[in-house]
Amino acid sequence: MKHILWAILGVCIAWGAISYFTGDWDMWGLTCLITGIGIGYGIRKYSAEKQS
């Protein structure tokens, strides 16, 4: 769980830096990316439990 939080924090920092330099503060891409990380983590966890 700690790794997924670090991944989301890294994505947010990178989005903030890119948005600062480009001036485009659109959150649509950030929202989709964080949702994708969460869904991927859930699928991986479910798959690992199913194999055990």
Undergrad: Identify the two heavy atoms, one from Thr31 and one from Thr35, that lie closest to each other, and give their separation to 0.1 Å.
TA: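 Scanning both residues completely, I find the closest heavy atoms to be O-OG1, 2.8 Å.
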Undergrad: When rounded to the nearest 0.5 angstrom, what is the spacing between CG in Leu30 and CD1 in Ile8?
TA: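 Leu30 atom CG to Ile8 atom CD1 measures 9.5 Å (nearest 0.5 Å).
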Undergrad: Cluster question for you: counting only ILVMFWY and a side-chain heavy-atom cut-off of under 4.5 Å, with indirect links fine, are Leu33 and Trp28 together?
TA: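 Hydrophobic grouping puts Leu33 apart from Trp28.
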Undergrad: Is there a path of hydrophobic side-chain contacts, each under 4.5 Å between heavy atoms of I, L, V, M, F, W or Y residues, that connects Ile4 with Leu9?
TA: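 In one cluster: no.
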Undergrad: Can you tell me how far CD1 of Ile39 sits from SG of Cys32, rounded to the nearest 0.5 angstrom?
TA: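 Answer rounded to 0.5 Å: 9.5 Å.
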Undergrad: Using every non-hydrogen atom in the two residues, find where Gly16 and Trp25 come nearest and quote the distance to one decimal.
TA: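 It is O-CH2, 3.8 Å.
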Undergrad: Trp15 versus Tyr20: any side-chain heavy-atom pair under 4.5 Å?
TA: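 When only atoms from C-beta onward are counted, Tyr20 and Trp15 do not touch, as no gap falls below 4.5 Å.
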Undergrad: Does Trp6 reach the main-chain N or O of Met1 with its side chain, forming a donor-acceptor pair under 3.5 Å?
TA: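 Such a contact is absent between Trp6 side chain and Met1 backbone.
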Undergrad: Are any non-hydrogen side-chain atoms of Cys12 and Ile34 less than 4.5 angstrom apart?
TA: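 In short, these two side chains touch, coming nearer than 4.5 Å.
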Undergrad: Quick check: does any side chain N or O of Ser47 sit under 3.5 Å from a backbone N or O of Ile43, one acting as donor and the other as acceptor?
TA: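 It does not hold such a pair.
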